[in-house]
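Start at 1 and go down the list; that is how both ligands and their atoms are numbered. The figures here come from the full heavy-atom set of this structure, side chains too, leaving out hydrogens, waters and symmetry mates.
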Amino acid sequence: MACIEVDNIFKFYEDVEAVKGISFEVEESEIFGLLGPNGAGKSTIIRMLLDFIKPEKGSISLFGGRFSEKTKQLVGYLPEERGLYDNITVLDNLVYLASLKGIATKNARWNAIELLERIGLREKANVKVSALSRGMRQLTQLCVTLAHNPKLLILDEPFAGLDPTNRELVRRIILEEREKGKTIILSTHMMNEVEEVCDRALMINHGRRVLYGKVPDIKESYASHCVFVEFEGQFPKLKGLEKSNVKKNSAELFLRVDVTSQDILRQLVEGNVIVNRFDVKELSLNEIFIKVVEAEKWIKQ
Ligand code: ADP
């Protein structure tokens, strides 16, 4: 069942067309990647989902209806600009911010301690937020997002400022939340960080949709677009390449969308090189994104 339905939304900021005709659905209990470079329009879409701003055109439905006070309780939002109180302790922040979501103090304290334990910050409970590192603040903010046990989590750049260990920790927590049946929107420009955790994704650029669908399907449809070759002899000039990185005995070849790995293999054989290895390499989501955006530019020219 769809938890979110977005139909053809537009948003302009004076002369900036931030979101242009975006449609997508988020299914219950999935991890949905909202992906694109900085400035693509991800935060603007999130602000519209949360009803902070209204779309100029189009419609948004959350849990089968319009955004309401009830919806608010069902959503946990991790904003890009973090909102913690510097001069009170981590625990007091968590208890106070949970109370704003209607959680009684006693329960909020228990929950908070449990969450801090889970995220490895239990010993920082009584430390003022001002004394935390950037990464620790981020983890604390994630605890705030989870504190009222929301059904839908909207996480805007959850990996920003985290070291590899903490990125892994946040990834694990996101996966655990999905296991509990939560629906998660993961908005980030770090596509390679999330391609293994996202079930489906919407990739956007300059406010427009670039790709949308199940992540394995997206990857599958671009699977033959990069090949790695080990060879002996004079590497021939090949037709149908977008980019290549040819070394003495190996080459990484990026194929044009209309060219198959078979076409390349045939040209190599005809070019009289000895092929010792020919691997079809899987492109990362980031590489696929760049490929599609480049192809669109090429079509427009
Ligand atoms: P992302 O989250 O993908 O980095 P944003 O949604 O923040 O992208 O921004 C999309 C575009 O809208 C950018 O060109 C940005 O400069 C512009 N923008 C975002 N917020 C505002 C605003 N409040 N006023 C004017 N322009 C804005």
Side-chain angles (χ1 to χ4, degrees), residues 3-26 30-62 67 71 75-84 134-135 137-138 141-142 144-145 150 152-162 167 170-171 174 183-195 197-213 215 218 284-297 300:
C3 165
I4 297 178
E5 288 167 284
V6 173
D7 184 26
N8 202 24
I9 52 169
F10 286 77
K11 182 71 200 173
F12 306 125
Y13 298 109
E14 292 169 9
D15 54 345
V16 180
E17 297 181 318
V19 173
K20 292 173 266 190
I22 292 285
S23 300
F24 63 94
E25 287 185 2
V26 181
E30 75 171 351
I31 301 177
F32 184 85
L34 182 55
L35 310 177
N38 288 327
K42 305 180 296 296
S43 299
T44 304
I45 292 175
I46 289 177
R47 282 187 222 125
M48 288 190 275
L49 292 178
L50 294 166
D51 204 35
F52 296 163
I53 53 174
K54 304 264 183 222
E56 249 85 45
K57 260 204 285 185
S59 67
I60 297 175
S61 152
L62 260 81
F67 199 92
T71 325
V75 180
Y77 169 48
L78 178 77
E80 201 178 6
E81 312 82 32
R82 315 301 183 202
L84 296 170
R134 192 170 161 214
R137 278 169 192 252
Q138 174 109 337
Q141 187 81 51
L142 182 62
V144 172
T145 309
L152 170 65
L153 294 168
I154 300 183
L155 311 178
D156 199 353
E157 297 290 356
F159 305 106
L162 294 182
R167 287 207 290 270
V170 170
R171 248 196 305 270
I174 290 170
T183 306
I184 298 141
I185 296 184
L186 203 49
S187 170
T188 182
H189 67 284
M190 299 157 115
M191 301 189 206
N192 291 351
E193 284 291 331
V194 299
E195 65 173 68
V197 295
C198 290
D199 299 300
R200 292 192 314 122
L202 169 69
M203 295 160 98
I204 57 171
N205 193 35
H206 297 306
R208 284 192 202 282
R209 177 156 121 182
V210 173
L211 283 167
Y212 172 57
V215 172
I218 293 176
S284 67
L285 277 188
N286 207 25
E287 286 166 330
I288 294 174
F289 178 87
I290 292 167
K291 193 169 183 68
V292 177
V293 168
E294 297 277 309
E296 281 177 353
K297 267 195 226 155
K300 270 187 209 152

Which of I4, V75, D156, L202 passes side-chain contact (heavy atoms from CB on, under 4.5 Å) with I185? Answer is I4

Check for a donor-acceptor pair, side chain of [X] on one end and backbone N or O of [Y] on the other, with a separation under 3.5 Å.
X: K57; Y: N8; answer: no
X: E30; Y: D199; answer: no
X: R167; Y: L162; answer: yes
X: Q138; Y: A160; answer: yes

Residues lining ligand 1 [heavy-atom distance under 4.0 Å, listed by chain and residue number]: Y13, V16, A18, P37, N38, G39, A40, G41, K42, S43, T44, R47

Does the plane of the ring in Y212 sit parallel, tilted or perpendicular to the ring in F24? Use 30° and 60° as the thresholds. perpendicular

